[in-house]
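Excluded from the calculations below are hydrogen atoms, water molecules and symmetry mates; all remaining heavy atoms, backbone and side chain alike, are included. Position 1 is the first residue of the sequence; numbering continues from there.
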Amino acid sequence: MASAATAASAAEIGVLVIGGGAVGLSVAVKLAERQIGRSVLLVERHAKLGLESSSHNSEVIHASVYYPPNSLKARLCRQGNDMMYALCKEKDIPHANIGKLLVPKSQVELRLLPRILATALASGGQGVKLVNEDELRDLEPNVNAPAAIYCPTTGIIDSHGKT
């Protein structure tokens with residue numbers, strides 16, 4: 001396999017990032033943007049980037065509805081939601097803001113909806129609301145429940161749709 005770095009240029013590499021997945025690419029970009037005075041070399045063993053763990057995600061753009069309020073996870077999920085939609089728009093990456101319904105399957109789950117809603121709102125879920133049976137039917141005619149929680153900023157991304 002041919003190497004991008006020759007023996008002579010290997011000494012000139014300031015930072016070596018191994019792996020061209022989501023984390024490796026993010027690290028390499030941030031290091032390059034900071035102009036640290038050293039070259040940044042990213043190496044990937046596959047012919048394309050992101051073919052390992054990064055390509056096996058759910059491709060869901062989460063809306064920050066499950067994490068404890070004021071937690072780092074909640075804050076980063078909320079921030080990441082906005083950033084992901086902006087990135088998809090900027091880079092013309094296929095995605096859809098389809099929303100998500102949390103539908104109770106039992107009376108016990110139905111009684112939990114107000115608590116789940118409170119957590120979702122306190123965690124930064126934007127536009128999250130309780131919908132009644134009629135509103136639920138308008139959103140999804142194939143679901144039959146007395147109520148549900150609607151998360152309008154949940155979406156999906158086609159990470160393989162554009163190379």
Side-chain angles (χ1 to χ4, degrees), residues 1-103 112-113 115-131 139-140 148-163:
M1 177 181 216
S3 172
T6 65
S9 66
E12 299 170 15
I13 298 168
V15 178
L16 175 66
V17 178
I18 301 171
V23 174
L25 288 170
S26 297
V27 168
V29 165
K30 284 298 177 190
L31 288 170
E33 286 175 350
R34 290 184 181 166
Q35 299 178 349
I36 57 175
R38 295 177 278 175
S39 61
V40 177
L41 175 66
L42 177 107
V43 294
E44 170 56 50
R45 68 179 171 159
H46 297 291
K48 288 186 173 184
L49 300 173
L51 291 180
E52 291 287 336
S53 299
S54 295
S55 67
H56 297 92
N57 67 68
S58 66
E59 298 190 324
V60 172
I61 302 171
H62 294 281
S64 186
V65 296
Y66 298 113
Y67 300 121
N70 302 314
S71 68
L72 180 61
K73 280 186 174 184
R75 228 174 32 253
L76 292 177
C77 188
R78 175 71 243 129
Q79 224 177 2
N81 182 280
D82 292 338
M83 291 171 71
M84 184 59 77
Y85 282 116
L87 177 71
C88 287
K89 185 176 179 180
E90 176 188 333
K91 302 292 184 183
D92 197 29
I93 298 169
H95 69 287
N97 183 296
I98 59 172
K100 175 180 181 171
L101 291 166
L102 304 176
V103 181
L112 291 174
L113 287 184
R115 186 179 344 156
I116 295 168
L117 178 63
T119 298
L121 292 171
S123 296
Q126 293 184 334
V128 177
K129 66 179 183 175
L130 190 65
V131 293
L139 290 166
E140 179 49 67
I149 294 175
Y150 177 56
C151 309
T153 62
T154 298
I156 54 174
I157 180 172
D158 182 2
S159 63
H160 303 283
K162 186 172 182 173
T163 55

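For His62, the ring pair (Phe, Tyr, Trp, His ring centres under 6.0 Å) criterion is met by no residue, not counting sequence neighbours. With sequence neighbours excluded, the residues forming a salt bridge (charged side-chain N to carboxylate O under 4.0 Å, His left out) with Glu52 are Arg45, listed by chain and number. Listed by chain and residue number, nothing satisfies the ring pair (Phe, Tyr, Trp, His ring centres under 6.0 Å) test with Tyr67 (two or more places apart in sequence, or in another chain).
When atom types are taken as modelled, the side chain of Asn81 and the backbone of Ser64 share no donor-acceptor pair closer than 3.5 angstrom. Between the Tyr85 side chain and the Gly155 main chain, a donor and an acceptor come within less than 3.5 Å of each other.
Put simply, CG on Asn97 and OG1 on Thr153 are 7.0 Å apart, with the number rounded to the nearest 0.5 Å. Here Ile93 contributes atom CD1 and Leu87 contributes atom CG; the two are 4.5 Å apart, rounded to the nearest 0.5 Å.
When all heavy atoms of Val128 and Ala120 are compared, the closest pair comes out as CG1-CB, 3.9 Å. Annotation for Val65 and Cys151: closest pair CG1-SG, 3.7 Å, computed over non-hydrogen atoms. Across Ile157 and Cys88, no two heavy atoms sit closer than the pair CD1-SG, 3.4 Å. Of all the heavy atoms in Ile61 and Ile156, the pair that sits closest is CD1-O, 4.0 Å.
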Stepwise side-chain contact (heavy atoms from CB on, under 4.5 Å) test for Gln79 and Leu76 = CA-CA 5 Å; Gln79 224 177 2; Leu76 292 177; 3.6 Å; yes

Kindly list each side-chain donor-acceptor pair under 3.5 angstrom involving residues 16-25, sequence neighbours excluded, with atom names and distances?
none

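With contacts defined as side-chain heavy-atom distances shorter than 4.5 Å, the pair Pro68/Thr119 does not qualify.
Pairs of residues two or more places apart, or lying in two chains, never qualify as ring pair (Phe, Tyr, Trp, His ring centres under 6.0 Å) while including a residue from residues 21-45. Residue pairs meeting the salt bridge (charged side-chain N to carboxylate O under 4.0 Å, His left out) criterion with at least one member in residues 74-87, sequence neighbours excluded: Arg78-Asp82.
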